[in-house]
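See structure below.
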Amino acid sequence: MNNIKVIFISTPDFGLPSLEALINDKDFNIVSVITKSDKPVGRKQILTSPPIKQKALKNNISVLQPIKIKTIVAEIEALSPDIIIVVAYAQIIPQVILDIPKYGCINVHGSLLPKFRGASCIQAAILNGEKKTGVTIMKMDAGLDTGPILAQREVEIEPNWTSGDLYDKISVLGGEILAPTIKAYIAGEIQEKAQDNSASSYAKMLKKEDGLIDFNQDAVNVERFVRAMQPWPGSFTDQQIKILEVSGEILDTESYAPGDFFEYNNQLAVKCFRGALIVNRIQPVGKKIITGQEFLNGYKKYIKK
RNA sequence: CGCGGGGUGGAGAAGUUAGGCAUCUCGCCAGGCCCAUAACCUGGAGGUCAUCGGUUCAAAUCCGGUCCCCGCAA
(Lines give C-alpha, C1' and ligand atoms only; values in the text may rest on other atoms or scores of the structure.)
Protein backbone atom coordinates (compact mmCIF):
# COMPACT_ATOMS: atom_id res chain seq x y z
CA MET A 1 0.00 0.00 0.00
CA ASN A 2 1.47 3.30 -1.00
CA ASN A 3 0.44 6.74 -2.16
CA ILE A 4 -2.27 7.06 0.45
CA LYS A 5 -4.00 10.39 -0.14
CA VAL A 6 -4.23 12.17 3.17
CA ILE A 7 -5.80 15.40 4.35
CA PHE A 8 -4.22 16.50 7.62
CA ILE A 9 -6.25 18.68 9.98
CA SER A 10 -4.57 20.30 12.99
CA THR A 11 -3.60 23.65 14.45
CA PRO A 12 -1.17 23.78 17.38
CA ASP A 13 2.36 22.44 17.61
CA PHE A 14 0.88 19.33 19.21
CA GLY A 15 0.21 18.09 15.70
CA LEU A 16 3.72 18.78 14.38
CA PRO A 17 5.30 15.38 15.13
CA SER A 18 2.32 13.66 13.46
CA LEU A 19 2.53 15.87 10.40
CA GLU A 20 6.26 15.32 10.22
CA ALA A 21 5.83 11.57 10.42
CA LEU A 22 3.45 11.62 7.45
CA ILE A 23 5.69 13.93 5.45
CA ASN A 24 8.71 11.68 6.00
CA ASP A 25 6.87 8.51 5.05
CA LYS A 26 6.76 8.08 1.30
CA ASP A 27 3.67 5.92 1.45
CA PHE A 28 1.65 9.00 2.28
CA ASN A 29 0.70 11.76 -0.08
CA ILE A 30 -0.55 14.76 1.85
CA VAL A 31 -2.90 16.49 -0.56
CA SER A 32 -3.84 19.29 1.80
CA VAL A 33 -3.43 20.60 5.32
CA ILE A 34 -6.39 22.27 7.00
CA THR A 35 -5.71 24.57 9.92
CA LYS A 36 -7.15 27.64 11.58
CA SER A 37 -6.77 31.14 10.25
CA ASP A 38 -3.82 33.38 11.08
CA LYS A 39 -4.28 35.31 14.31
CA PRO A 40 -2.71 38.43 15.76
CA VAL A 41 -0.25 37.31 18.40
CA GLY A 42 1.81 38.93 21.12
CA ARG A 43 1.93 42.41 22.59
CA LYS A 44 2.45 43.91 19.15
CA GLN A 45 -0.46 41.89 17.74
CA ILE A 46 1.61 40.59 14.84
CA LEU A 47 -0.41 38.39 12.47
CA THR A 48 1.02 34.89 12.86
CA SER A 49 0.33 31.60 11.12
CA PRO A 50 -0.39 28.47 13.13
CA PRO A 51 2.74 26.28 13.45
CA ILE A 52 1.08 23.59 11.38
CA LYS A 53 0.66 25.99 8.46
CA GLN A 54 4.30 27.04 8.62
CA LYS A 55 5.43 23.43 8.54
CA ALA A 56 3.13 22.59 5.64
CA LEU A 57 4.23 25.54 3.53
CA LYS A 58 7.87 24.67 4.09
CA ASN A 59 7.11 21.28 2.54
CA ASN A 60 5.10 22.70 -0.36
CA ILE A 61 1.79 21.35 0.87
CA SER A 62 -1.28 23.44 0.11
CA VAL A 63 -3.04 24.89 3.14
CA LEU A 64 -6.72 25.67 3.72
CA GLN A 65 -7.78 27.94 6.58
CA PRO A 66 -11.57 28.07 6.77
CA ILE A 67 -13.27 29.86 9.65
CA LYS A 68 -15.78 27.01 9.75
CA ILE A 69 -14.76 23.68 8.30
CA LYS A 70 -18.30 23.15 7.05
CA THR A 71 -17.74 25.81 4.39
CA ILE A 72 -15.13 23.78 2.49
CA VAL A 73 -16.90 20.44 2.18
CA ALA A 74 -16.81 20.74 -1.61
CA GLU A 75 -13.06 21.38 -1.66
CA ILE A 76 -12.43 18.38 0.55
CA GLU A 77 -14.60 16.23 -1.67
CA ALA A 78 -12.73 17.40 -4.75
CA LEU A 79 -9.42 16.26 -3.25
CA SER A 80 -10.90 12.76 -2.83
CA PRO A 81 -8.74 11.79 0.15
CA ASP A 82 -8.36 8.16 1.15
CA ILE A 83 -8.21 9.18 4.76
CA ILE A 84 -8.43 12.30 6.91
CA ILE A 85 -6.27 12.66 9.99
CA VAL A 86 -7.28 15.07 12.73
CA VAL A 87 -4.92 16.11 15.54
CA ALA A 88 -6.17 18.76 17.98
CA TYR A 89 -8.23 20.97 15.71
CA ALA A 90 -10.68 22.46 18.24
CA GLN A 91 -13.64 22.22 15.91
CA ILE A 92 -16.20 19.49 15.61
CA ILE A 93 -15.86 17.70 12.29
CA PRO A 94 -19.38 17.29 10.85
CA GLN A 95 -20.70 13.94 9.69
CA VAL A 96 -20.77 15.05 6.06
CA ILE A 97 -16.99 15.33 6.15
CA LEU A 98 -16.50 12.17 8.20
CA ASP A 99 -18.24 10.33 5.36
CA ILE A 100 -16.00 11.59 2.55
CA PRO A 101 -12.82 9.45 2.79
CA LYS A 102 -12.89 5.78 1.95
CA TYR A 103 -11.15 4.89 5.20
CA GLY A 104 -12.86 7.49 7.32
CA CYS A 105 -11.39 10.05 9.67
CA ILE A 106 -8.72 9.20 12.19
CA ASN A 107 -8.01 11.16 15.37
CA VAL A 108 -4.92 11.33 17.53
CA HIS A 109 -6.04 11.93 21.11
CA GLY A 110 -3.87 12.70 24.15
CA SER A 111 -5.22 10.20 26.63
CA LEU A 112 -6.01 6.52 27.06
CA LEU A 113 -9.61 6.55 25.88
CA PRO A 114 -12.28 6.15 27.09
CA LYS A 115 -10.67 8.09 29.94
CA PHE A 116 -10.48 11.86 29.49
CA ARG A 117 -12.42 12.50 26.35
CA GLY A 118 -12.45 16.16 25.38
CA ALA A 119 -10.11 19.07 24.95
CA SER A 120 -8.07 19.16 28.16
CA CYS A 121 -7.27 15.44 28.25
CA ILE A 122 -3.63 16.03 29.13
CA GLN A 123 -4.27 18.42 32.00
CA ALA A 124 -6.98 16.10 33.31
CA ALA A 125 -4.54 13.22 33.64
CA ILE A 126 -2.21 15.26 35.86
CA LEU A 127 -5.04 16.85 37.80
CA ASN A 128 -6.46 13.43 38.49
CA GLY A 129 -3.13 12.20 39.84
CA GLU A 130 -2.82 9.45 37.24
CA LYS A 131 0.36 7.36 37.31
CA LYS A 132 0.17 6.90 33.57
CA THR A 133 -1.72 8.18 30.58
CA GLY A 134 -1.05 7.92 26.89
CA VAL A 135 -2.09 8.51 23.33
CA THR A 136 -4.94 6.92 21.42
CA ILE A 137 -5.44 6.60 17.69
CA MET A 138 -9.10 6.14 16.96
CA LYS A 139 -11.64 6.22 14.21
CA MET A 140 -13.88 9.24 14.50
CA ASP A 141 -17.63 8.97 14.73
CA ALA A 142 -20.39 11.44 15.42
CA GLY A 143 -19.69 11.62 19.16
CA LEU A 144 -16.91 13.52 20.88
CA ASP A 145 -13.91 11.17 21.13
CA THR A 146 -16.22 8.15 21.22
CA GLY A 147 -15.07 6.23 18.15
CA PRO A 148 -13.48 2.77 18.06
CA ILE A 149 -9.83 2.48 19.08
CA LEU A 150 -7.15 1.45 16.60
CA ALA A 151 -4.05 1.76 18.77
CA GLN A 152 -2.86 3.04 22.12
CA ARG A 153 0.50 3.74 23.71
CA GLU A 154 1.11 4.42 27.38
CA VAL A 155 3.27 7.07 29.07
CA GLU A 156 4.37 7.08 32.70
CA ILE A 157 3.72 10.46 34.32
CA GLU A 158 6.75 11.57 36.33
CA PRO A 159 5.79 13.12 39.69
CA ASN A 160 7.11 16.59 38.81
CA TRP A 161 5.76 16.85 35.28
CA THR A 162 3.65 19.78 34.19
CA SER A 163 1.05 19.60 31.45
CA GLY A 164 3.64 21.17 29.17
CA ASP A 165 6.07 18.30 29.75
CA LEU A 166 3.39 15.68 29.21
CA TYR A 167 2.05 17.48 26.16
CA ASP A 168 5.45 17.34 24.48
CA LYS A 169 5.85 13.68 25.33
CA ILE A 170 2.43 12.67 24.07
CA SER A 171 2.66 14.69 20.90
CA VAL A 172 5.92 12.93 19.98
CA LEU A 173 4.46 9.55 20.86
CA GLY A 174 1.45 10.25 18.65
CA GLY A 175 3.79 11.00 15.76
CA GLU A 176 5.63 7.73 16.36
CA ILE A 177 2.65 5.43 16.17
CA LEU A 178 0.48 7.30 13.67
CA ALA A 179 1.97 6.14 10.37
CA PRO A 180 2.37 2.45 11.24
CA THR A 181 -1.12 2.33 12.75
CA ILE A 182 -2.74 3.79 9.67
CA LYS A 183 -0.90 1.50 7.32
CA ALA A 184 -1.91 -1.51 9.37
CA TYR A 185 -5.48 -0.25 9.53
CA ILE A 186 -5.74 0.24 5.77
CA ALA A 187 -4.20 -3.15 5.22
CA GLY A 188 -7.03 -4.57 7.33
CA GLU A 189 -4.68 -5.87 10.01
CA ILE A 190 -6.27 -4.00 12.89
CA GLN A 191 -9.28 -5.11 14.85
CA GLU A 192 -11.22 -2.00 15.86
CA LYS A 193 -11.99 -1.97 19.56
CA ALA A 194 -15.16 -0.22 20.73
CA GLN A 195 -14.80 2.07 23.73
CA ASP A 196 -16.29 1.04 27.03
CA ASN A 197 -18.62 3.96 27.57
CA SER A 198 -19.23 3.04 31.21
CA ALA A 199 -15.55 3.76 31.95
CA SER A 200 -15.47 7.10 30.13
CA SER A 201 -14.80 10.53 31.57
CA TYR A 202 -14.89 13.95 30.00
CA ALA A 203 -12.36 16.79 30.33
CA LYS A 204 -13.93 20.04 29.27
CA MET A 205 -11.92 22.78 27.59
CA LEU A 206 -10.09 24.98 30.10
CA LYS A 207 -10.70 28.68 30.32
CA LYS A 208 -8.44 31.33 31.79
CA GLU A 209 -10.45 31.56 34.99
CA ASP A 210 -10.06 27.82 35.56
CA GLY A 211 -6.52 28.59 36.73
CA LEU A 212 -7.73 30.14 40.00
CA ILE A 213 -6.29 28.05 42.81
CA ASP A 214 -8.70 26.67 45.42
CA PHE A 215 -6.68 26.55 48.64
CA ASN A 216 -9.55 24.77 50.34
CA GLN A 217 -8.26 21.66 48.62
CA ASP A 218 -5.68 19.43 50.26
CA ALA A 219 -2.04 20.22 49.55
CA VAL A 220 -1.64 17.13 47.38
CA ASN A 221 -4.46 18.30 45.12
CA VAL A 222 -3.21 21.89 44.93
CA GLU A 223 0.22 20.60 43.93
CA ARG A 224 -1.31 18.58 41.07
CA PHE A 225 -3.42 21.55 40.09
CA VAL A 226 -0.39 23.84 39.78
CA ARG A 227 1.37 21.31 37.55
CA ALA A 228 -1.75 20.66 35.48
CA MET A 229 -2.35 24.34 34.73
CA GLN A 230 1.24 24.86 33.54
CA PRO A 231 1.96 26.43 31.08
CA TRP A 232 -1.63 27.46 30.38
CA PRO A 233 -3.81 28.92 31.85
CA GLY A 234 -1.35 29.14 34.73
CA SER A 235 -2.35 28.89 38.36
CA PHE A 236 -3.00 32.03 40.35
CA THR A 237 -4.43 33.31 43.60
CA ASP A 238 -7.15 35.93 43.93
CA GLN A 239 -4.41 38.41 44.94
CA GLN A 240 -3.07 38.73 41.41
CA ILE A 241 -0.18 36.39 42.11
CA LYS A 242 0.78 33.55 39.83
CA ILE A 243 2.23 30.46 41.42
CA LEU A 244 4.39 28.56 38.97
CA GLU A 245 6.00 25.79 40.92
CA VAL A 246 5.34 24.17 44.27
CA SER A 247 6.79 21.12 45.94
CA GLY A 248 6.85 19.17 49.15
CA GLU A 249 4.11 18.86 51.68
CA ILE A 250 4.09 20.18 55.23
CA LEU A 251 1.64 18.74 57.69
CA ASP A 252 1.95 20.76 60.94
CA THR A 253 0.58 24.16 59.98
CA GLU A 254 -2.59 24.47 61.98
CA SER A 255 -2.16 28.16 62.77
CA TYR A 256 -2.69 29.41 59.22
CA ALA A 257 -5.77 29.75 57.04
CA PRO A 258 -5.99 28.25 53.53
CA GLY A 259 -4.27 30.59 51.08
CA ASP A 260 -1.95 32.19 53.66
CA PHE A 261 1.70 32.65 52.71
CA PHE A 262 4.17 32.06 55.51
CA GLU A 263 7.82 31.30 56.19
CA TYR A 264 8.82 27.71 56.79
CA ASN A 265 12.48 26.76 57.30
CA ASN A 266 13.57 29.87 55.41
CA GLN A 267 11.33 28.99 52.48
CA LEU A 268 8.06 30.39 51.21
CA ALA A 269 5.09 28.17 51.98
CA VAL A 270 1.38 28.41 51.28
CA LYS A 271 -1.34 26.86 53.41
CA CYS A 272 -3.90 24.55 51.87
CA PHE A 273 -6.92 22.87 53.43
CA ARG A 274 -4.91 19.93 54.72
CA GLY A 275 -1.17 20.46 54.66
CA ALA A 276 0.83 23.19 53.02
CA LEU A 277 3.26 23.47 50.11
CA ILE A 278 6.67 25.01 49.56
CA VAL A 279 6.48 27.64 46.80
CA ASN A 280 9.54 27.53 44.55
CA ARG A 281 8.64 30.01 41.81
CA ILE A 282 6.07 32.77 41.94
CA GLN A 283 5.13 35.83 39.92
CA PRO A 284 3.25 38.91 41.13
CA VAL A 285 1.24 40.48 38.30
CA GLY A 286 3.34 42.75 36.06
CA LYS A 287 6.60 41.53 37.58
CA LYS A 288 9.19 38.96 36.68
CA ILE A 289 9.15 35.39 37.90
CA ILE A 290 11.00 35.21 41.22
CA THR A 291 11.92 32.49 43.68
CA GLY A 292 10.05 31.85 46.90
CA GLN A 293 13.00 33.25 48.89
CA GLU A 294 12.95 36.48 46.91
CA PHE A 295 9.24 36.80 47.51
CA LEU A 296 9.85 36.25 51.21
CA ASN A 297 12.44 39.06 51.24
CA GLY A 298 10.53 41.65 49.30
CA TYR A 299 6.78 41.05 49.66
CA LYS A 300 6.54 41.14 53.43
CA LYS A 301 2.98 42.41 53.42
CA TYR A 302 1.79 39.12 51.97
CA ILE A 303 3.58 37.00 54.56
CA LYS A 304 1.59 35.93 57.61
CA LYS A 305 3.58 35.84 60.85
C1' C B 1 -0.52 53.27 17.81
C1' G B 2 -5.20 46.81 21.37
C1' C B 3 -5.43 47.24 27.26
C1' G B 4 -2.52 47.38 31.76
C1' G B 5 1.81 46.92 35.48
C1' G B 6 7.02 47.80 36.15
C1' G B 7 12.79 49.58 35.92
C1' U B 8 15.45 52.24 43.25
C1' G B 9 23.45 49.22 46.09
C1' G B 10 24.61 42.01 44.13
C1' A B 11 18.80 39.78 44.72
C1' G B 12 13.71 41.02 45.95
C1' A B 13 10.85 45.21 47.67
C1' A B 14 9.10 50.31 50.16
C1' G B 15 9.23 55.38 49.03
C1' U B 16 6.17 58.49 43.76
C1' U B 17 -0.79 60.24 45.12
C1' A B 18 0.91 65.46 48.57
C1' G B 19 8.85 67.41 45.73
C1' G B 20 12.69 68.32 51.29
C1' C B 21 18.73 63.47 54.71
C1' A B 22 18.46 56.64 50.15
C1' U B 23 14.67 52.92 53.69
C1' C B 24 13.47 47.39 54.58
C1' U B 25 14.44 41.95 54.10
C1' C B 26 18.31 38.95 52.04
C1' G B 27 23.32 38.49 50.23
C1' C B 28 28.60 40.16 50.62
C1' C B 29 32.98 41.80 53.91
C1' A B 30 35.04 42.34 58.96
C1' G B 31 34.59 41.49 64.09
C1' G B 32 31.95 39.18 68.31
C1' C B 33 29.17 35.10 70.73
C1' C B 34 29.30 29.78 70.72
C1' C B 35 31.64 22.95 71.55
C1' A B 36 29.53 24.46 66.89
C1' U B 37 26.36 26.64 62.93
C1' A B 38 23.05 28.27 57.40
C1' A B 39 21.21 30.59 64.19
C1' C B 40 22.24 35.23 67.24
C1' C B 41 24.89 40.26 68.24
C1' U B 42 28.01 44.55 66.45
C1' G B 43 30.19 47.23 62.63
C1' G B 44 31.29 48.00 57.23
C1' A B 45 31.46 48.28 51.93
C1' G B 46 28.37 48.77 47.84
C1' G B 47 23.57 53.95 44.52
C1' U B 48 24.77 58.67 38.06
C1' C B 49 17.01 55.96 41.77
C1' A B 50 16.73 52.62 33.34
C1' U B 51 18.10 56.76 30.04
C1' C B 52 17.82 61.96 27.79
C1' G B 53 15.85 66.66 28.42
C1' G B 54 12.42 70.26 31.08
C1' U B 55 10.15 72.76 35.64
C1' U B 56 12.06 74.11 40.70
C1' C B 57 15.87 77.08 45.88
C1' A B 58 15.35 71.69 45.86
C1' A B 59 13.34 65.86 41.70
C1' A B 60 13.50 58.63 42.85
C1' U B 61 8.97 61.82 43.33
C1' C B 62 6.15 66.75 38.76
C1' C B 63 6.19 67.37 32.85
C1' G B 64 7.91 65.53 27.89
C1' G B 65 10.98 62.07 24.76
C1' U B 66 13.69 57.26 24.32
C1' C B 67 15.19 52.18 25.70
C1' C B 68 14.16 47.66 28.25
C1' C B 69 11.10 43.91 31.25
C1' C B 70 6.32 41.73 32.50
C1' G B 71 0.75 40.63 32.80
C1' C B 72 -3.82 40.55 29.76
C1' A B 73 -4.99 39.36 24.98
C1' A B 74 -3.93 35.44 21.08
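Chain letters run A, B, ... following the sequence lines, proteins first and then strands; every chain starts at 1. Not measured: the values here are computed from a predicted model.
Counting only distance, with no hydrogens or angles, the side chain of A:T35 and the backbone of A:S10 share a donor-acceptor pair below 3.5 Å.
Rounded to whole angstrom, the span from the CD atom of A:Q267 across to the C1' atom of B:rA38 amounts to 12 Å. Atom-to-atom, CG of A:D238 to P of B:rG71 comes out at 20 Å; the value is rounded to the nearest Å. Atom CG in A:L268 sits about 14 Å away from atom C1' in B:rA13, given to the nearest Å. Rounded to an integer number of Å, the gap from CD of A:Q293 to C1' of B:rA11 is 11 Å. Atom CD1 in A:I67 sits about 15 Å away from atom C1' in B:rA74, given to the nearest Å. Remark: P of B:rC70 and CD1 of A:I289 are 9 Å apart, rounded to the nearest angstrom. Nucleotide B:rA13 holds its P atom 5 Å from the CD1 atom of A:I290, rounded to whole Å. Atom P of nucleotide B:rA13 and atom CD1 of A:I282 are separated by 11 Å, given to the nearest angstrom.
Side chain of A:K242, nearest nucleotide from B:rA74, B:rC72, B:rU25: B:rC72. With distances taken from any side-chain atom of A:Q283 to the nucleotides B:rC70, B:rA73, B:rA74, the minimum falls on B:rC70. Among B:rC26, B:rC24, B:rG71, the nucleotide with an atom closest to any side-chain atom of A:N297 is B:rC26. Of the candidates B:rA74, B:rA11, B:rA13, B:rA74 carries the atom nearest the A:V41 side chain, counting heavy atoms from C-beta on.
Spacing of C1' atoms, B:rG46 relative to B:rC52, comes out at 26 Å, to the nearest Å. With both ends at atom P, the span from B:rA60 to B:rG54 equals 15 Å, rounded to whole Å. When the P atom is used for both B:rG19 and B:rA30, the distance is 44 Å, rounded to whole Å. For the P atom pair drawn from B:rU37 and B:rC24, the interatomic distance equals 28 Å after rounding to whole Å. Comparing the P positions of B:rG12 and B:rU55 gives an interatomic distance of 34 Å, to the nearest angstrom. Across the P atoms, B:rA11 and B:rA50 are found 13 Å apart, a figure rounded to whole Å. Atom name C1', nucleotides B:rG43 and B:rG6: the rounded distance is 35 Å, in whole Å. Nucleotides B:rA22 and B:rG32 place their C1' atoms 29 Å apart, quoted to the nearest Å.
Pair assignment for B:rC72: B:rG2, on the basis of Watson-Crick or G-U wobble contacts that are both within less than 3.5 Å. Nucleotide B:rC34 has no partner under the Watson-Crick or G-U criteria, as no pair reaches both atom distances under 3.5 Å. Across all strands shown, B:rU16 has no partner, as no Watson-Crick or G-U wobble contact with both distances under 3.5 Å is found. Within the shown strands, B:rC28 is the pairing partner of B:rG44 under the Watson-Crick or G-U definition, both distances less than 3.5 Å. Under the Watson-Crick or G-U wobble criterion, with both distances below 3.5 Å, B:rA39 is left unpaired in every strand shown. Base pairing of B:rA22: no nucleotide in any strand meets the Watson-Crick or G-U wobble criterion (both distances under 3.5 Å). In this structure B:rG53 sits in a base pair with B:rC63, meeting the Watson-Crick or G-U test at under 3.5 Å.
No hydrogens or angles were tested; on distance alone, nothing pairs the side chain of A:R43 with the base of B:rG2 as donor and acceptor under 3.5 Å.
The residues A:K183 and A:D25 are annotated as salt-bridged, a charged nitrogen and a carboxylate oxygen being separated by less than 4.0 angstrom. Under the 4.0 Å criterion applied to side-chain N and carboxylate O atoms, A:K304 and A:D260 are assigned as salt-bridge partners. The residues A:R227 and A:D165 are annotated as not salt-bridged, no charged nitrogen and carboxylate oxygen being separated by less than 4.0 angstrom. A salt bridge links A:K132 with A:E154: at least one charged nitrogen is closer than 4.0 Å to a carboxylate oxygen.
Looking at heavy-atom distances under 4.0 Å, A:K300 makes contact with a base.
Mapping A:K208 and A:E294 onto RNA chain B by nearest heavy atom places A:E294 at the nucleotide closer to the 5' end. Comparing A:L296 and A:G286 along RNA chain B, the residue whose closest nucleotide (by nearest heavy atom) sits nearer the 5' end is A:G286.
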(Q) What verdict does the side-chain contact (heavy atoms from CB on, under 4.5 Å) test give for A:F14 and A:I122, after you've listed the backbone C-alpha separation in whole Å, the side-chain angles of each residue and the deciding distance to 0.1 Å? (A) CA-CA 11 Å; A:F14 183 77; A:I122 290 172; 3.9 Å; yes
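Ring geometry for A:F295 versus A:F261: interplanar angle of 30 to 60°, hence tilted.
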